[in-house]
Amino acid sequence: MTNLVSRAKELLENKTVDVVIGFETGPTGLARPAFITDPVKTDKLVFDDRCSHNLAVYLTKHEVKQMGKTAIVATLPIMRSIMMLISEKQVDPENIVVLGISTDGKLLDIADISVMKGYIEKSDLKNPEKFKTPLDELSKLSQKERFSYWQEVLSKCIKCYACRQACPMCYCIRCTVEVNQPQWIPVQANTHGNMEWHILRAMHLAGRCISCGECGRACPVGIPCHLLTMHLTDKVYDYFKVYAGTSEKMSSVLSTFEPDDKESFII
Amino acid sequence: MEPTGKLIRKHSLEKLYNNLADTRKIYAPVVKSDNQTEYRYNPAYEEITFEHIRSTLSVKNVVFPKVENLLFYTNSKTESTIRDIDTGEIPEVVLWGTHPCDNAAFESLRSIFCWDTNDLFFTERLEKTTVIGLSCHQSDDYCFCSSVGLSPDSSKGSDILLSRLQNGDYQADILTEKGNGIVSLYPELFEPDSSENPMITEVKQKFSHEKVTERLATAFEHPFWLENSLRCIGCGACAYLCPTCACFDIQDETRGKEGKRYRCWDSCGFGLFTLHTSGHNPRHVQSQRWRQRIMHKFSYMPERNESLGCVGCGRCSSGCPVDMNIAEQLETIQNI
């Protein structure tokens, strides 16, 4: 922790960066994203188990981009998100400094993107253990049972789009649901429209989801929508043997064609 | 009418609920397996909670459903035939165990939906709603009703307000003719007031809403908005959980020749909300949208609607994925 604070302070003092995105403690004791521009205020930075937000979501936010060069506190999922954003040309690696944090909470020395890539490659990239049980339980259900499970769960969706907004990979300026000529997805939050939205979201994240689980955590009504994208993460690995966010030059699994791709799913 | 105090014993309360549930729609709070509290129609009495601090969603959907059909239409080659909705078919609903913040929100909503013209659907739904409220004997850090002119035992918006006594019985304040109507159906369940003081939680005042309103009048260009909304990710959770947020969208949905026009929840926090056809967006960044949210509730509504757009329930803050704590922000605003 002291390492993180002093490193952040140093970066701001010597003007290597204009802003540090990290975590602070809010008034109710929750950790939350913080944006620090004044070196004196780096003391506010915290890092512990409460810090689950995927801060990479801010790298594409208009107001944050305006702030200048950015240092970002980054756990493994955040580093993978940054890698994905670089690969999709949304973030210029020259404009960011990664304050990497290891799984045991230590500050890593991430000098550049190749070091970050090396760290990611050495890491366990599977869906986190805590999501394995619910994923396995869903997989055990028959197709019909699974469909009715999602039908019931998604009927609660209020279409607040917290899942989309919390996701660093959902950076489109105009999301498909906001395109209204034609209106692809019903605007109203009914079961049918909700299912269309969540299936669409999951498909757009297939091969791009880095398994942070933020979409599910952000949902105010408790829909485990992260299980949809995480299931696809497993499927994409089964088919293509790749995990998202592992290289600055990733091919998109659903929009890149290779002559030796398996086509067993095409009827 | 003059409010009257009554006593309702624990076992009589159960009878009251069951009698009402047998004869009409009653909307009551239930704790789900994931510990979220949700309102359901006519749950069994044993399922109902009296211990919730706040339900995940407010109960505004009773008067302002997330989707409200406005009309149906049939298109032919030359003309459209419109079929109106019969608001007479909207059922009567009893709200059970809603807290004073949520009950006060109906007045706030009314000030919007009946600002110049009475909204047909809203008015009909509100007219057909009877509120059996429940004072709060518990609160948490997110509660701030006392900062917006309310309290854990405010009677505003309730027809009957229940308050728990030490022994588990309830004081029942009968506040309106509608409330009296319920009592007169089952007079044997109500006893004279016991004069015992009910258990009411304490909610500390965090800010003065008058000061906030006064400060906001000249704070439109303040750097506060940008600095304090950087972490806002621009979802609609706050607006959709809020009992007083009333923004809606109107859409036509057609299948073949048949179609319907409906209105559904919308949020000023979304970029699309103010996007013009030309492509210009007067609120093109999130800080402007966050400012709008606060301004509307604490400056524009007091000015235009003579009401506040906030009842201090704390849902926007407890449900925010990034801890945009509104009470904290308002506390700061009054001193900027």
Side-chain angles (χ1 to χ4, degrees), chain A residues 19 21 23-37 50 52-55 57-58 61-64 66-67 156-168 170 173-175 177-181 183 186-190 193 214-224, chain B residues 32-36 38 56-57 61 66-69 140-142 206 226-227 229-241 249-254 260 262-267 269-272 275 284-288 314-325 327-328 331:
Chain A
V19 57
I21 310 177
F23 295 96
E24 65 179 11
T25 303
T28 53
L30 294 174
R32 66 187 186 188
F35 300 80
I36 296 170
T37 50
R50 297 170 301 162
S52 65
H53 306 75
N54 191 328
L55 301 178
V57 75
Y58 296 110
K61 183 174 174 173
H62 180 82
E63 292 101 315
V64 178
Q66 299 289 310
M67 294 174 91
K156 308 277 181 205
C157 172
I158 50 174
K159 289 238 181 105
C160 70
Y161 297 118
C163 46
R164 178 187 73 187
Q165 297 303 107
C167 174
C170 272
I173 290 168
R174 198 159 185 179
C175 173
V177 294
E178 284 156 359
V179 174
N180 52 9
Q181 288 180 334
Q183 186 76 53
V187 176
Q188 59 173 313
N190 59 11
E214 266 299 276
C215 48
R217 194 198 60 85
C219 178
V221 296
I223 297 169
Chain B
K32 292 195 300 169
S33 55
D34 58 3
N35 279 331
Q36 292 204 3
E38 74 172 13
T56 304
L57 290 172
N61 60 317
K66 62 181 184 176
V67 185
E68 177 95 84
N69 290 331
D140 66 15
D141 286 349
Y142 290 112
K206 295 181 176 174
L226 177 60
E227 285 163 19
S229 66
L230 282 170
R231 72 175 178 280
C232 172
I233 52 175
C235 72
C238 48
Y240 290 177
L241 302 187
D249 190 8
I250 294 186
Q251 292 280 335
D252 285 357
E253 227 173 73
T254 313
K260 63 176 179 180
Y262 61 80
R263 74 169 169 221
C264 57
W265 293 355
D266 203 348
S267 164
F270 292 141
L272 191 66
L275 181 63
H284 69 102
V285 288
Q286 202 56 36
S287 50
Q288 296 166 331
R315 283 189 187 86
C316 57
S317 312
S318 66
C320 176
V322 292
D323 196 28
M324 292 287 286
N325 190 306
E328 176 198 14
E331 208 177 324

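The model shown is predicted, which means the values in this text are computed figures rather than measured ones.
Both the backbone and the side chain of V187(A) have a heavy atom closer than 4.5 Å to some heavy atom of chain B. Contacts of C235(B) with chain A are made by both backbone and side-chain atoms, with heavy-atom separations under 4.5 Å. The contact between V285(B) and chain A is made by backbone and side chain atoms together, counting heavy-atom distances below 4.5 Å. Contact of F35(A) with chain B is made through the side chain alone, with heavy-atom distances under 4.5 Å.
Nearest heavy atom pair, residue K159(A) against residue A189(A), reads CG-CB, 3.7 Å.
With hydrogens and angles ignored, the 3.5 Å screen pairs a side-chain donor or acceptor of Q165(A) with a backbone N or O of I233(B). Side-chain atoms of Q286(B) never come within 3.5 Å of backbone atoms of C232(B) as a donor-acceptor pair (strictly under, hydrogens ignored). Y58(A) places no side-chain N or O within 3.5 Å of a backbone atom of V64(A) that could act as its donor or acceptor partner.
In terms of non-hydrogen atom pairs under 4.5 Å with chain A, the most contact-rich of S229(B), G319(B), A237(B), C238(B) is A237(B). Of the residues considered (L241(B), L230(B), L272(B)), L230(B) shows the highest number of contacts with chain A, using heavy-atom pairs under 4.5 Å. In terms of heavy-atom pairs under 4.5 angstrom with chain A, the leader among L226(B), D141(B), D323(B) is D323(B). Per-residue counts of heavy-atom pairs under 4.5 Å with chain B were compared for P27(A), C219(A), G29(A); the largest is that of P27(A). In terms of non-hydrogen atom pairs under 4.5 Å with chain A, the most contact-rich of R231(B), E328(B), M324(B) is R231(B).
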